[in-house]
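Residues take their numbers from the sequence shown, with the count starting at 1. First listed ligand is number 1; within each ligand, the first listed atom is number 1. Just so you know, these numbers use all the heavy atoms, side chains as well, and skip hydrogens, waters and symmetry mates.
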Amino acid sequence: MKEVTESAEWLELQKHYEEIKDQHMRDMFAQDDNRFDKFSAELGDILLDYSKNRITEETMSLLIKLARYVKIEEWRDNMMSGVAINTTENRSVLHTALRNRSNKPIRVNGRNVMPMVNEVLDHMRDFSEQVRSGQWRGYNGERIKNIINIGIGGSDLGPHVVCESMKPYAQRGLKVFFVSNADATHLVETLKDVDPESTLFVIASKTFTTQETMLNAFSARKWFLDLVGNEKAIEKHFVAVTTNVELATQFGINEANTFAFWDWVGGRYSLWSSVGLTIALYLGMEHFESLLEGAYEMDQHFLNAPLEHNIPVIMALLGVWYNNFFDAQSHAIMPYSQYLERLPDYLQQLDMESNGKTIDRNNQRVNYLTGPIIWGQSGTNGQHAFFQLLHQGTKPVPADFLIPALSQNPLGLHHRVLFSNCLAQTKALMLGKRYTEAVEEMQAQGVDKKTIDDVIAHKVFDGNKPTNTIIFSKLTPKTLGSIMAMYEHKVFVQGIIWNINSFDQWGVEYGKVLAGQIQNDLCEPGEVSNHDSSTNGLINYRKSIYFDNLAKNKLD
Ligand code: F6P
């Protein structure tokens, strides 16, 4: 089969790129008063302004042609109807079924999954209401005040960003913590803030075998038992979210307190499943369901809107435009909202674990760039850290700016300042500053000619740096659900264009195997020589310090 880069659609884009690559957005705006209207799209209370991109109407129409060439609509329909598009694991990809608010049947191997989905939602509703109302009590009758989610990757990042972003909707008196890292510090420091009587651990792991999660879960269990001394009490303080009920039961968790999900839900797409239990506990089931509603609304838009007006499709195509034609290596995410501080972390896994691939669906090595490096930070903090590189560095970095029109905390001038900074950045990145403008500005400030000559080159900004602005009225659970689903579909569309399977993660699995081998080599004193010299050297260095220390402590 032909590579996408050999298609007439791709070659046309390549030709078009050569024609417009030197055009400046400043001139594009000057020549067209309707640019904002032409290049913006709306869904509910979300507006995507993509006019500050290096595009013309022709660019968009050629990109849409590319989407049609890769049969994006057919792939989308296949995904949403349960076809096993995760071919390397022979699985369906049905996170959209988890938020299918229409309840229309969706089948996997002929079986409608909606009754199972609804049953788990009922289970989550029932349990979260019991905990939140105080009906569910700890082993000694105390009310639950702390929820500790133990999980990693998709079993951490999704619920974490939602709980953090939705703080205004949380029940006061209920605290939530997330423990993910294998570094004991994460657990130890968290446990310092809680007592066992009022703490509920949610062990979230699709497989219930992930090393970090199981390590933390067993250490938490030990901490609990050391303080409480009663095995029976575990079932009041530990619940599981997993596809592996058997292992959860072996851990000591009552099957009735195990919340199921299924292998057709990828880890990084799992927050909509029972992995959202921590969200339901912290925010209440009604807010978790609003999150699902928002995602469903985006799913319907993705399914029904023409490609030309389809927000995730547009965002995906713009990403391909920069990634493959401008050779942009990364894509930045700038939420101008403190509540969304963790969004870049969540999107890193969603995008990079999905599209960080080199082998295509035909088992061939690709000859083009696939997924970008995703990074970012909340504004305005990022402005005082890395924005300099965006403005005057040598690397092109397309970026998404996200901002609410209304703040959840309307305090004095804060939101006006935040909002103006957000727009000032995208404007400056687009416009830049010409040599003549910089000179005039310095002259107006009364700067002498010699100083101007000495520094003027540094005061010029090329501009022409592309950004999307995603503005929404207020950060509600529904809006957040839509935004997260928007990015999921964006990543999906890009994966289809690059002809890769966005739903496996073999690279991560390889690291896990090597970690197991090295762990064995650390057990006994004495040098190892079975690895490369760097790995041997580092293992032996740690061993000499560790075993010396052990011997000394024994002597003390
Ligand atoms: O990082 C690899 C990965 O498999 C992710 O895809 C997943 O979200 C994470 O590990 C955690 O896996 P589990 O939920 O099975 O513990």
Side-chain angles (χ1 to χ4, degrees), residues 85-95 98 120 124 148-163 178-183 186-187 201-221 238-251 253 258-279 342-357 370-371 373-374 484 487-488 491-492 495 500-516 519:
I85 62 165
N86 176 358
T87 43
T88 59
E89 296 177 315
N90 192 24
R91 284 179 187 162
S92 304
V93 175
L94 269 182
H95 44 280
L98 303 165
V120 173
M124 290 168 70
I148 302 187
N149 188 94
I150 297 187
I152 198 164
S155 300
D156 169 78
L157 294 163
H160 202 161
V161 66
V162 175
C163 288
F178 287 84
V179 173
S180 54
N181 203 337
D183 184 344
H186 205 174
L187 180 68
F201 292 92
V202 177
I203 314 297
S205 175
K206 180 175 168 179
T207 52
F208 228 74
T209 57
T210 301
Q211 193 182 35
E212 295 91 330
T213 301
M214 295 331 295
L215 201 58
N216 280 320
F218 277 103
S219 297
R221 188 179 188 276
F238 285 78
V239 298
V241 167
T242 187
T243 59
N244 197 335
V245 179
E246 205 182 322
L247 286 185
T249 313
Q250 279 173 27
F251 180 89
I253 293 172
T258 299
F259 296 79
F261 67 112
W262 309 276
D263 72 356
W264 40 263
V265 181
R268 52 194 171 275
Y269 301 87
S270 65
L271 82 110
W272 321 100
S273 73
S274 52
V275 168
L277 181 66
T278 298
I279 302 173
R342 295 195 65 86
L343 187 69
D345 300 6
Y346 162 77
L347 292 179
Q348 267 180 346
Q349 186 202 16
L350 174 66
D351 203 321
M352 293 167 78
E353 201 167 86
S354 296
N355 287 342
K357 311 283 163 66
T370 59
I373 297 158
I374 301 294
M484 293 172 94
Y487 277 108
E488 283 180 349
V491 168
F492 167 77
I500 51 179
N501 179 4
S502 302
F503 303 101
D504 59 13
Q505 60 284 320
W506 297 107
V508 187
E509 308 304 335
Y510 178 51
K512 291 180 189 170
V513 174
L514 289 194
Q519 199 186 321

Heavy-atom nearest neighbour in the protein, as seen from [atom], with distance rounded to 0.1 Å:
{"atom": "atom 11 (C) of ligand 1", "value": "Ile152 O, 3.2 Å"}
{"atom": "atom 10 (O) of ligand 1", "value": "Lys512 NZ, 4.1 Å"}
{"atom": "atom 8 (O) of ligand 1", "value": "Gly154 N, 2.7 Å"}
{"atom": "atom 13 (P) of ligand 1", "value": "Thr210 OG1, 3.2 Å"}
{"atom": "atom 2 (C) of ligand 1", "value": "Val508 CG1, 3.3 Å"}
{"atom": "atom 15 (O) of ligand 1", "value": "Thr207 OG1, 2.7 Å"}

Judged by heavy atoms only, the candidate from Glu353, Gln505, Arg268 nearest atom 6 (O) of ligand 1 is Glu353
The option among Ser270, Ala204, Ser155 carrying the non-hydrogen atom nearest to atom 14 (O) of ligand 1 is Ser155
Check whether any side-chain heavy atom of Trp262 sits under 4.5 Å from a side-chain heavy atom of Arg91, and report yes or no.
no
Atoms of ligand 1 under 4.0 Å from any heavy atom of Gly267, numbered from 1 in the order shown, are 8 (O)
Give the minimum heavy-atom separation between [X] and [Y], together with the two atoms involved.
{"X": "Val161", "Y": "Arg342", "value": "CG2-C, 3.7 Å"}
{"X": "Asn216", "Y": "Ser180", "value": "ND2-O, 3.5 Å"}
{"X": "Ser274", "Y": "Phe259", "value": "OG-O, 3.3 Å"}

Residue set satisfying ring-ring contact (aromatic ring centres under 6.0 Å, His included) with His160, at least two apart, ordered chain then number -> Phe178
Do any N/O atoms on Ser205 end up under 3.5 angstrom from N/O atoms on ligand 1?
yes
Check whether the side chains of Ser273 and Ser270 place a donor and an acceptor atom closer than 3.5 Å, and report yes or no. no
Sorted by chain and number, sequence neighbours left out, salt bridge (Lys or Arg N to Asp or Glu O under 4.0 Å) with Arg221 holds for Glu231
